[in-house]
Chemist: 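Can you keep this structure in mind? I'll have questions shortly.
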Amino acid sequence: MTRGKLIKELAKKLYGEEIARKLWGRVEVIGDIAVIRKPPDIPVDMLKQLAEELLKNLRYVKSVWASVSSVGGMYRTRDYVHLAGECRSTTIYREHGCSFYIDITKVYISPALNYEHLRIAKNVKDGEYVINMFAGAGLFSIIIAKHAKPSKVVSIDINPYAYEFMVKNVKLNNVEGVVEPILGDAGVVIENYINTADRILMPLPELAYSYFEKAVKALRNRGVIHVYEFVRGSSRESVINEVISKYLSKCDELSIKSSVIFSRIVRSVGPRTYQVVIDLDVVKY
Ligand SMILES: C[S@@+](CC[C@H](N)C(=O)[O-])C[C@H]1O[C@@H](n2cnc3c(N)ncnc32)[C@H](O)[C@@H]1O
């Protein structure tokens, strides 16, 4: 039985069909920690039974937490309540052959970006100079360093915890000298990298647009910028088109040539709301 199906069955047995439907799809496993995203109308105490069942049925899970807020704040973290098992929020999360120390309460982490992490890494050409403006605990950067041959991946994050985990993760994955963690505001740090990068990642929808011009300045004559945005819209096609026209207009305004070489919906993040990525080929001169 798949993990998803098992969780559905456990929830159905404990709470009945109607509540099980609300919990279905709300359990994420990060390393040996399971996180249940609390539905708004279900009290947190009610989730304790499910947490105990997860511990019994998923042997690799040692700790279960409820996330009780959406992602928020400058560091893009959630609020958590411990439900069962070890009261520990640190773990080692594994993805694409890389390992990441993280603390779910202190740094952003999302297994839903799994596909995207490898997709970008596969696009990186030998010798490229990459800047990751919003690097978190270093997932994109380290996966790029492991699966491609960049000359450098400058990895910026404003969260001191994310920076510390990134430093540890660089060592853990033996990518010192390639991935360079930097603590700071990407909008300020990137000013030290004018005309330097072949590729820039902007995996923070809240700041991508306002920092886009700074990213363009950090590119060499020509390069690729990966932009992530949240959009609400009536269809998947319309939200992608909205992001494309927003950035093509911005490029016109900045008098630079650009074309969209790839676009996709990364995931659904709410009712009719999606995270979209577009890859822009930018020619400055
Ligand atoms: C969505 S998370 C990044 C996810 C990460 N790239 C990954 O794949 O797991 C966004 C990150 O941007 C960081 N951040 C927020 N504002 C920032 C800023 N002005 N400069 C640099 N980092 C910032 C947050 O601390 C957070 O770690």
Chemist: Can we say Glu116 and Arg267 salt-bridge, meaning some charged N sits less than 4.0 Å from an Asp/Glu carboxylate O?
Modeler: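 Here Glu116 does not pair with Arg267 in a salt bridge, since their nearest N and O are not under 4.0 Å apart.
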Chemist: For the backbone of Asn221 and the side chain of Asn195, can you confirm whether one donor and one acceptor N or O come within less than 3.5 Å of each other?
Modeler: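 Absent.
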Chemist: Do you know the tightest heavy-atom contact between Ala137 and Asn169?
Modeler: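 Closest approach of Ala137 to Asn169: O-ND2, 3.0 Å.
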Chemist: For Lys250, give me all partners under side chain to side chain donor-acceptor pair (under 3.5 Å), at least two apart in sequence or on another chain.
Modeler: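 Once residues adjacent in sequence are excluded, the partners of Lys250 under the side chain to side chain donor-acceptor pair (under 3.5 Å) criterion are Glu253.
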Chemist: Between Ser89 and Asp103, which heavy-atom pair has the shortest distance, and what is it?
Modeler: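 Smallest heavy-atom distance, with atoms named: OG-OD1, 2.9 Å.
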Chemist: Tell me whether Lys246 forms a cation-pi arrangement with Tyr209, defined as NZ or CZ under 6.0 Å from the six-membered ring centre and within 45 degrees of its axis.
Modeler: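 Positive - Lys246 is close enough to the ring of Tyr209 and near enough to its axis.
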Chemist: Report yes or no: do Leu113 and Ile278 belong to one cluster of Ile/Leu/Val/Met/Phe/Trp/Tyr joined by side chain heavy-atom distances under 4.5 Å?
Modeler: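 In one cluster: no.
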Chemist: Should Ile182 and Tyr193 be marked as a side-chain contact (heavy atoms from CB on, under 4.5 Å) after you check the CA-CA gap, both sets of side-chain angles, and the distance that decides it?
Modeler: CA-CA 12 Å; Ile182 297 179; Tyr193 293 88; 3.2 Å; yes
Chemist: Would you say NZ of Lys12 has more than 12 non-hydrogen atoms from neighbouring residues, nucleotides or ligands within 6.0 angstrom?
Modeler: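 No.
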Chemist: Examine the side chains of Asp185 and Tyr211 and answer whether a donor and an acceptor come within less than 3.5 Å of each other.
Modeler: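 Note: Asp185 and Tyr211 side chains meet the donor-acceptor criterion.
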Chemist: Donor-acceptor check, side chain of Lys48 to backbone of Ala84, threshold 3.5 angstrom: yes or no?
Modeler: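 No, the answer is negative, given that no donor and acceptor are paired below the 3.5 Å cut-off.
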Chemist: Does the ring center of Tyr161 lie less than 6.0 Å from the ring center of Tyr75?
Modeler: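 Ring-ring flag for Tyr161/Tyr75: false, centres at least 6.0 Å apart.
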Chemist: If you measure from OH on Tyr115 to CD1 on Ile120, what distance do you get to the nearest 0.5 Å?
Modeler: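 So the gap between those two atoms works out to 10.0 Å.
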Chemist: In terms of side-chain geometry, is the basic nitrogen of Glu28 or Arg37 positioned less than 4.0 Å from the acidic oxygen of its partner?
Modeler: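 Looking at Arg37 together with Glu28, the answer is no, because their closest N to O distance does not fall below 4.0 Å.
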Chemist: Between Pro150, Ser151, Ser141, which is the residue that forms a side-chain contact (heavy atoms from CB on, under 4.5 Å) with Val130?
Modeler: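 It is Pro150; the other options fail the test.
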Chemist: Where do Arg76 and Tyr108 come nearest, in terms of heavy atoms and distance?
Modeler: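 Minimum heavy-atom separation between Arg76 and Tyr108: O-CD1, 3.1 Å.
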Chemist: Which is it for Val64 and Leu50 under the side-chain contact (heavy atoms from CB on, under 4.5 Å) test, yes or no, and what are the steps along the way?
Modeler: CA-CA 9 Å; Val64 186; Leu50 178 59; over 6 Å; no
Chemist: Can you name the salt bridge (Lys or Arg N to Asp or Glu O under 4.0 Å) partners of Asp281, sequence neighbours left out?
Modeler: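 Testing Asp281 for salt bridge (Lys or Arg N to Asp or Glu O under 4.0 Å), a comparison that skips the adjacent residues, returns Arg222.
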Chemist: Leu6 versus Leu58: any side-chain heavy-atom pair under 4.5 Å?
Modeler: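 Yes, their side chains come closer than 4.5 Å.
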Chemist: So, the side chain of Lys38 versus the backbone of Ile42: is there a donor-acceptor pair under 3.5 Å, distance only?
Modeler: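 Yes: the side chain of Lys38 pairs with the backbone of Ile42.
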Chemist: Sort out for me which residue in Arg119, Arg199, Lys122 forms a salt bridge (charged side-chain N to carboxylate O under 4.0 Å, His left out) with Asp279.
Modeler: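 For Asp279, the salt bridge (charged side-chain N to carboxylate O under 4.0 Å, His left out) test succeeds with only one of Arg119, Arg199, Lys122, which is Arg119.
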Chemist: Distance-only, no hydrogens or angles: does the His147 side chain make a donor-acceptor pair with backbone N or O of His96 under 3.5 Å?
Modeler: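 Yes: the side chain of His147 pairs with the backbone of His96.
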Chemist: Give a yes or no on whether Ile144 and Ile200 share a hydrophobic cluster (residues Ile, Leu, Val, Met, Phe, Trp, Tyr; joining criterion: side-chain heavy atoms under 4.5 Å apart).
Modeler: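 The answer is no; the residues belong to distinct hydrophobic clusters.
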Chemist: Do you know which two heavy atoms are closest between Ala218 and Ile131, and how far apart they sit?
Modeler: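 Distance-wise, the nearest heavy atoms are CB-CD1, 4.2 Å.
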Chemist: Spell out, as yes or no, whether a donor-acceptor pair under 3.5 Å connects the side chain of Lys146 to the backbone of Gly97.
Modeler: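 Between the backbone of Gly97 and the side chain of Lys146 there is no qualifying donor-acceptor contact (under 3.5 Å).
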Chemist: Using 0.5 Å steps for rounding, measure from the SG atom of Cys251 to the CD atom of Glu213.
Modeler: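 Reported value, rounded in 0.5 Å steps: 10.5 Å.
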Chemist: Would you give the length of the straight line joining atom NZ of Lys217 to atom CG of Leu254, rounded to the nearest 0.5 angstrom?
Modeler: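 Result: 8.5 Å between the selected atoms.
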Chemist: Where do Gly31 and Tyr93 come nearest, in terms of heavy atoms and distance?
Modeler: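 In terms of heavy atoms, the two residues are closest at N-CD1, 3.9 Å.
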Chemist: Do Phe140 and Phe165 sit in one hydrophobic cluster, given that two such residues count as connected whenever their side-chain heavy atoms are within less than 4.5 Å of each other, even indirectly?
Modeler: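 Yes, because Phe140 and Phe165 connect within a single hydrophobic cluster, where side-chain heavy atoms sit under 4.5 Å apart.
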Chemist: Of all heavy-atom pairs between Ser67 and Arg78, which one has the smallest distance, and what is that distance?
Modeler: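 Closest heavy-atom pair between Ser67 and Arg78: CB-CD, 3.7 Å.
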Chemist: Quick one: side-chain contact (heavy atoms from CB on, under 4.5 Å) partners of Asn192, sequence neighbours excluded?
Modeler: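 None.
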Chemist: Answer yes or no: is there a donor N or O on one side and an acceptor on the other, between the side chain of Thr196 and the main chain of Ile194, under 3.5 Å?
Modeler: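 Pair found, side chain donor or acceptor close to backbone of Ile194.
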Chemist: With a 3.5 Å distance limit and no angle check, can you tell me whether Asn114 reaches the backbone of Glu95 through a side-chain donor-acceptor pair?
Modeler: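 Here the side-chain-to-backbone pair does not exist.
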Chemist: Could you give the distance from CD (Glu53) to CD (Glu9), rounded to the nearest 0.5 Å?
Modeler: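 Glu53 CD to Glu9 CD: 12.5 Å, rounded to 0.5 Å.
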Chemist: Report yes if some heavy atom in the side chain of Lys106 is under 4.5 Å from a heavy atom in the side chain of Thr77; otherwise report no.
Modeler: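 No, side chains not in contact.
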Chemist: Assess whether side-chain contact (heavy atoms from CB on, under 4.5 Å) is satisfied between Leu54 and Ile36, documenting all intermediate values.
Modeler: CA-CA 10 Å; Leu54 290 177; Ile36 308 172; 4.1 Å; yes
Chemist: Go through the steps to decide whether Leu204 and Met133 satisfy the test side-chain contact (heavy atoms from CB on, under 4.5 Å), and finish with yes or no.
Modeler: CA-CA 8 Å; Leu204 177 59; Met133 290 179 74; over 6 Å; no
Chemist: Nearest 0.5 Å, what's the OG1-CD1 distance between Thr91 and Ile30?
Modeler: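 Those atoms lie 8.5 Å apart.
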Chemist: Would a distance-only check, ignoring hydrogens and angles, find a side-chain to backbone donor-acceptor pair under 3.5 Å from Ser249 to Tyr247?
Modeler: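 Such a contact is absent between Ser249 side chain and Tyr247 backbone.
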Chemist: Test Asp32 against every option in Arg88, Lys62, Arg59 by the salt bridge (charged side-chain N to carboxylate O under 4.0 Å, His left out) rule and name the one that passes.
Modeler: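 Exactly one option meets the salt bridge (charged side-chain N to carboxylate O under 4.0 Å, His left out) with Asp32, and it is Arg88.
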Chemist: Looking at CD of Glu237 and CD of Glu242, how far apart are the two atoms once the value is rounded to the nearest 0.5 Å?
Modeler: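 Those atoms lie 13.0 Å apart.
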Chemist: Is it true that Leu47 and Ile33 fall in one hydrophobic cluster, defined by side-chain heavy atoms closer than 4.5 Å?
Modeler: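 In one cluster: no.
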Chemist: Distance-only, no hydrogens or angles: does the Asp198 side chain make a donor-acceptor pair with backbone N or O of Gly223 under 3.5 Å?
Modeler: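 Side chain of Asp198 to backbone of Gly223: no pair is present.
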Chemist: Going by atom types alone, do Ser155 and Asn132 pair a side-chain donor with an acceptor below 3.5 Å?
Modeler: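 Judged by distance alone, the side chains do not pair up.
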Chemist: Can you tell if the side chain of Val167 reaches within under 4.5 Å of the side chain of Lys171, non-hydrogen atoms only?
Modeler: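 Yes, their side chains come closer than 4.5 Å.
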